[in-house]
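All values below come from the heavy atoms of this structure, side chains included, with hydrogens, waters and symmetry mates left out. Atoms within a ligand are numbered from 1 in the order they appear, just like the ligands themselves.
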Amino acid sequence: KAFSEQFEVKEDLGKGAFSIVRKVVHTSSGVDYAAKIINTKRLSARDLQKLEREVKICRMLQHNNIVRLHNVFQEGHVRYMIFDLITGGELFDDIVAREFYSEKDASSCIQQILDSVSYCHKMGIIHRDIKPENLLLSSKKPGASVKLADFGLAVETEKKKHYYGFAGTPGYLSPEVLRKEPYDKAVDLWACGVVLYILLVGYPPFWDDDQSKMFEQIKQGRYEYLSPEWDSVTDEVKKLIDGMLTMDPDKRITAEQALSHPWIKNR
Ligand SMILES: CCCCCCCNC(=O)OC[C@@H]1O[C@H](OC)[C@H](O)[C@@H](O)[C@H]1O
């Protein structure tokens with residue numbers, strides 16, 4: 001049966017570049033979902049290819065900390081991707097609301113993110129856009145489960161390192177991507193390092209109003225633990241962040257290694 005025969009479209013949840021995310025209800029079961037709705041009429045052949053890639057990758061991934069794709073419908077030029085409905089909003093807004101997380105809550109949060117990243121990497125998928133805006137919370141309670149969303153920039157890894165293009169979000173880009181070198185799944189661990197830093201103090205490790213200056217900071221791996229806010233943060237988590245914000249991708253900590261780090265394991 002077609003989408004319109006099975007679902008009712010409700011309010012907007014969020015807007016993407018070429019898409020809108022709206023709440024939909026499955027009429028017969030009464031279950032709510034989030035539908036990513038795209039009008040494919042105006043998409044270029046390249047963007048259509050990217051959309052097929054996103055659907056293919058989402059279909060490969062079944063994990064508690066990854067937003068689940070349940071179904072895809074096409075009606076004329078309109079494509080409906082039916083995902084889990086996640087009602088806790090974005091991690092980004094929760095950090096703003098709380099200013100920053102305790103080490104206990106930050107550890108639980110980053111552990112779930114690393115679980116999802118480790119699973120993606122085992123499945124041969126690089127997310128390429130890990131950031132608080134793409135991490136959704138199952139509820140508003142501290143310790144709510146975190147779900148990685150939006151695989152619109154995700155790619156399947158090749159056997160060897162490859163330059164998949166300049167993609168991601170400026171403040172989360174790794175040095176190797178900025179240098180336009182071949183890269184691999186380690187770019188996701190760099191982004192996790194940026195996220196962990198933000199969780200602990202509420203501001204990013206690399207920032208400048210002038211984007212090219214910010215890119216310079218990233219390429220030099222120049223960040224610091226400023227006083228007084230970082231004085232009360234344990235050396236243990238600073239070592240974990242340093243492992244993630246390691247310039248050389250071959251020396252950078254992997255998701256598996258990070259999950260065994262004492263600051264994560266002994267929480
Ligand atoms: C955007 C591609 C994946 C869509 C996943 C839908 C997940 N379920 C889902 O319920 O997404 C909710 C909204 O969806 C957007 O984030 C993806 C809003 O920005 C967020 O504020 C969020 O409220």
protein heavy-atom neighbour closest to atom 2 (C) of ligand 1 works out as Lys36 CD, 3.5 Å
Atom 9 (C) of ligand 1 sits nearest the protein heavy atom Ala34 CB, 3.4 Å
Relative to ligand 1, is [X] under 4.0 angstrom through side chain, backbone, both or neither, heavy atoms considered?
| X | value |
| --- | --- |
| Asp84 | backbone |
| Val67 | side chain |
| Val21 | side chain |

Atoms in ligand 1 with a heavy atom of [X] nearer than 4.0 Å:
| X | value |
| --- | --- |
| Leu136 | 7 (C), 11 (O) |
| Glu90 | 18 (C), 19 (O), 20 (C), 21 (O) |
| Leu13 | 13 (C), 18 (C), 21 (O), 23 (O) |
| Leu85 | 10 (O) |

Please answer whether the main-chain N or O of Leu153 pairs with a side-chain N or O of Arg128 as donor and acceptor at a distance below 3.5 Å. yes
_Ring of Phe100, cation from Arg98 - is the NZ or CZ under 6.0 Å from the centre and inside 45° of the axis?_
no
Exactly one candidate in Tyr33, Phe83, Tyr80 meets ring-ring contact (aromatic ring centres under 6.0 Å, His included) with His70; the answer is Tyr33
Please determine whether residues Tyr163 and Ile218 belong to a single hydrophobic cluster, defined as Ile, Leu, Val, Met, Phe, Trp and Tyr linked transitively by side-chain heavy-atom distances below 4.5 Å. yes
Check: Any salt bridge between Arg252 and Glu176, counting N to O under 4.0 Å?
Finding: yes
Check your understanding: Can you check whether Ile86 has an N/O within less than 3.5 Å of an N/O in ligand 1?
Key -> yes
Parallel, tilted or perpendicular: which fits the ring planes of Phe7 and Phe3, with parallel below 30° and perpendicular above 60°? parallel
What is the ring orientation for Tyr197 with Tyr225, classed by angle as parallel under 30°, tilted 30 to 60°, or perpendicular over 60°?
-> parallel
